[in-house]
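The structure appears below as structure tokens.
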Amino acid sequence: MLKTLGKQLYGFRKDSILTPVFMISEVIMEMIIPLMMAAIIDNGVNKGDIQYIYKMGFFMVIAAGLGLTAGVLGGKYGAKASAGLARNLRKGMYENIQTFSFANIDKFSTAGLVTRMTTDITNIQNAYQMILRMCTRAPFSLICAMVMSFLISPRLASVYLAAVLILGSILAGIIYFAMKHFNQVFPKYDDLNESVQENVSAIRVVKAFVREDYERTRFTKASGNLYNMFVKAESIVTLNAPFMMATVYSCIMLISWLGAKMIVNSALTTGELMSLFTYCMNILMSLMMLSMVFVMISMSMASAKRIAEVLEEESTLTNPENPDREVPDGSITFDHVNFSYHEGAEEWVLKDINLDIHSGETIGIIGGTGSSKTSLVNLVSRIYDVSEGSILVGGKDVRSYDLETLRNEVAVVLQKNVLFSGTILENLRWGDKDASREECIRVCKLACADDFIEGFPDGYDTYIEQGGTNVSGGQKQRLCIARALLKKPKILILDDSTSAVDTATDARIRKAFKEEIPGTTKIIIAQRISSVEGADRIIVMENGEVNGFGTHEELLEQNEIYRDIYESQTGGSGDFDEAGGAN
């Protein structure tokens with residue numbers, strides 16, 4: 001874990017080295033000043049030597065100035081190093097997330113990833129700055145002050161040593177019990193972020209079902225759990241202060257009493273006693289700083305583990321050593337394919353799939369909910385890898401292709417349509433960043449999207465709000481189809497991607513595909529018979545198996561499931577929107 005995080009210090013290692021150097025310099029100056037104070041009292045004030053006082057005072061000002069400069073520079077470089085580490089961590093996590101397969105993404109919730117990239121990284125940033133500054137300053141200051149105290153008076157310094165041992169034991173106990181609660185805090189952050197994310201993304205549904213009170217209660221509960229965890233942890237940590245102050249005042253009283261007796265017996269000077277008081281505060285404050293550093297580090301360890309999990313996660317999909325970078329054609333072969341989403345699952349999601357699809361064919365896929373239609377097509381573009389068997393595209397195993405090459409030739413319009421904030425043209429060019437305006441218009445005409453786009457005041461420059469909230473479901477589907485067509489793929493997969501358009505528009509889209517892209521293999525998943533009956537062949541899925549594969553007429557005669565679906569959908573007056581419906 002530490003090695004993983006340490007790699008993210010690139011570009012800021014110099015700052016990470018300079019920070020402790022300046023902090024040590026500051027401590028050295030702080031250790032010199034009490035000696036100068038003692039000299040002023042013993043050799044200047046007590047002897048009435050004003051010149052000596054001026055001389056030592058001048059050196060004290062210089063030492064204080066050097067210490068101040070070192071402290072400022074230590075703070076500057078510490079802030080730069082910690083902020084740089086946080087930047088690199090966010091960049092590293094984001095870049096690694098982009099390489100994740102769907103299987104990897106399934107391991108982390110969206111809310112969890114957001115928490116890791118915000119709260120967890122902030123914790124690491126704060127902890128690293130404290131490590132560079134306080135973890136250098138506090139131990140060095142404590143050791144130096146202890147050494148100087150023993151050099152002045154071993155007898156009085158032993159009081160400090162006993163106080164350090166007692167207070168150190170108490171602080172270790174406080175940290176131990178506090179960490180039990182801090183380790184439980186971050187999963188609660190995930191719950192809180194998940195509540196907010198779901199509420200905001202589904203705000204229309206919340207309002208439509210008048211569930212605001214329920215969502216408020218849910219958020220309050222998640223927020224309350226987080227509050228209670230922090231209160232418990234912080235309540236334990238606050239015990240640090242009273243124990244610290246009790247120890248400080250006890251030390252001051254003991255040193256005052258013992259020191260006064262030693263001064264009377266001429267075993268100690270007044271200046272030395274003043275220096276010991278200063279060193280006393282240095283020792284105990286250093287110990288207090290160390291305790292807070294340990295608490296912060298302990299808190300950040302939970303964050304560090306969560307961040308390292310994301311950075312160390314390796315994609316389940318990788319390129320072979322010498323990948324194929326050309327897909328010959330759009331033919332697809334499923335050869336005894338078994339698949340499950342989780343390794344070691346008791347049952348297969350797809351069971352012994354054997355299919356042979358010719359290049360340029362239009363293939364329909366139909367079946368009940370949960371029959372694994374989407375799982376089947378997800379394997380073609382290697383969104384997931386097969387568990388057993390193989391899938392060939394263009395006569396080659398999909399695992400032999402360069403992943404980018406394969407996905408450029410296998411365009412998928414997913415079941416959940418997503419548009420990004422930006423103009424319609426910017427969204428379309430996700431399919432081809434170099435596409436001209438004319439090419440964008442051409443594919444929009446194929447997807448029957450040109451009509452409604454031209455109806456917008458700004459046409460193709462119309463701004464799409466985040467999530468595509470200012471276009472209808474049918475319009476969003478057609479824009480996503482057009483975006484996929486811009487890739488000029490050899491295989492086009494439409495995963496229930498015309499469910500929100502009327503049957504007349506659906507028919508126009510299918511007709512355009514047949515006439516304009518005859519060489520592209522088209523796979524259409526649909527719930528409506530009318531969307532697939534014109535396909536060259538149709539796959540009927542049931543419980544993860546191919547129940548039937550043939551033409552519309554063959555399946556009507558031979559496949560009971562297909563016949564039941566057909567009769568249930570056409571046994572009445574036909575599709576309600578057969579003559580055309582709303583966009």
Side-chain angles (χ1 to χ4, degrees), residues 1-13 15-16 19 78-98 100 104-105 107-136 138 171-172 174-197 222-223 225-238 240 289-314:
M1 179 185 73
L2 294 178
K3 185 178 180 182
T4 299
L5 298 182
K7 291 178 181 177
Q8 303 303 317
L9 277 172
Y10 62 88
F12 298 94
R13 289 188 172 89
D15 303 287
S16 299
T19 301
K80 188 177 178 182
S82 59
L85 174 62
R87 186 202 72 175
N88 290 347
L89 285 173
R90 288 192 186 94
K91 182 172 179 283
M93 287 177 67
Y94 187 80
E95 289 179 349
N96 201 39
I97 289 170
Q98 299 306 304
F100 284 179
N104 295 117
I105 293 171
K107 290 176 62 176
F108 304 99
S109 68
T110 303
L113 287 173
V114 170
T115 303
R116 291 167 205 246
M117 294 192 70
T118 52
T119 304
D120 286 332
I121 286 183
T122 300
N123 287 337
I124 295 295
Q125 179 179 345
N126 294 335
Y128 188 61
Q129 184 167 174
M130 290 188 74
I131 289 170
L132 290 179
R133 298 182 63 195
M134 298 307 167
C135 263
T136 303
L171 294 179
I174 290 173
I175 292 170
Y176 174 78
F177 289 107
M179 281 316 304
K180 288 185 176 180
H181 296 291
F182 279 127
N183 285 332
Q184 299 172 15
V185 163
F186 298 105
K188 299 298 179 185
Y189 265 121
D190 290 350
D191 294 342
L192 183 67
N193 283 344
E194 185 177 6
S195 174
V196 174
Q197 178 196 351
S223 181
N225 288 335
L226 188 62
Y227 165 80
N228 291 332
M229 286 294 180
F230 264 118
V231 167
K232 288 178 182 178
E234 295 291 347
S235 297
I236 296 172
V237 172
T238 54
N240 189 18
M289 280 191 288
L290 274 177
S291 70
M292 298 309 298
V293 168
F294 286 139
V295 170
M296 178 61 75
I297 291 174
S298 300
M299 284 177 60
S300 66
M301 286 301 288
S303 294
K305 289 176 184 176
R306 287 158 55 85
I307 291 170
E309 284 176 355
V310 178
L311 290 173
E312 293 171 355
E313 181 75 12
E314 294 182 2

Can you find a pair of side-chain heavy atoms, one from L113 and one from Y94, that are under 4.5 Å apart? no
Euclidean distance, [Y] [atom2] relative to [X] [atom1], rounded to 0.5 Å:
{"X": "K91", "Y": "N96", "atom1": "NZ", "atom2": "CG", "value": "12.0 Å"}
{"X": "R90", "Y": "I307", "atom1": "CZ", "atom2": "CD1", "value": "9.0 Å"}
{"X": "D120", "Y": "Q125", "atom1": "CG", "atom2": "CD", "value": "13.0 Å"}
{"X": "K3", "Y": "L311", "atom1": "NZ", "atom2": "CG", "value": "14.0 Å"}
{"X": "L5", "Y": "I124", "atom1": "CG", "atom2": "CD1", "value": "6.0 Å"}
{"X": "S300", "Y": "I121", "atom1": "OG", "atom2": "CD1", "value": "13.0 Å"}

side-chain contact (heavy atoms from CB on, under 4.5 Å) against E312, all qualifying residues, sequence neighbours excluded: T4, A308
Under 4.0 Å between a Lys/Arg side-chain N and an Asp/Glu carboxylate O for E309 and K305? no
Please list, one pair per line, the donor and acceptor atoms closer than 3.5 Å that link side chains of residues 79-89 to other protein atoms, with sequence neighbours excluded.
unit_1: S82; atom_1: OG; unit_2: G78; atom_2: O; d: 3.0
unit_1: S82; atom_1: OG; unit_2: A79; atom_2: O; d: 3.1
unit_1: S82; atom_1: OG; unit_2: Q129; atom_2: NE2; d: 3.3
unit_1: N88; atom_1: ND2; unit_2: Q8; atom_2: O; d: 2.7
unit_1: N88; atom_1: ND2; unit_2: Y10; atom_2: O; d: 2.9

Look only at the side chain of R116 and the backbone of R306, and say whether a donor-acceptor pair between them is shorter than 3.5 Å. yes
Could I get the full list of side chain to side chain donor-acceptor pair (under 3.5 Å) partners for S16, not counting sequence neighbours? Y128
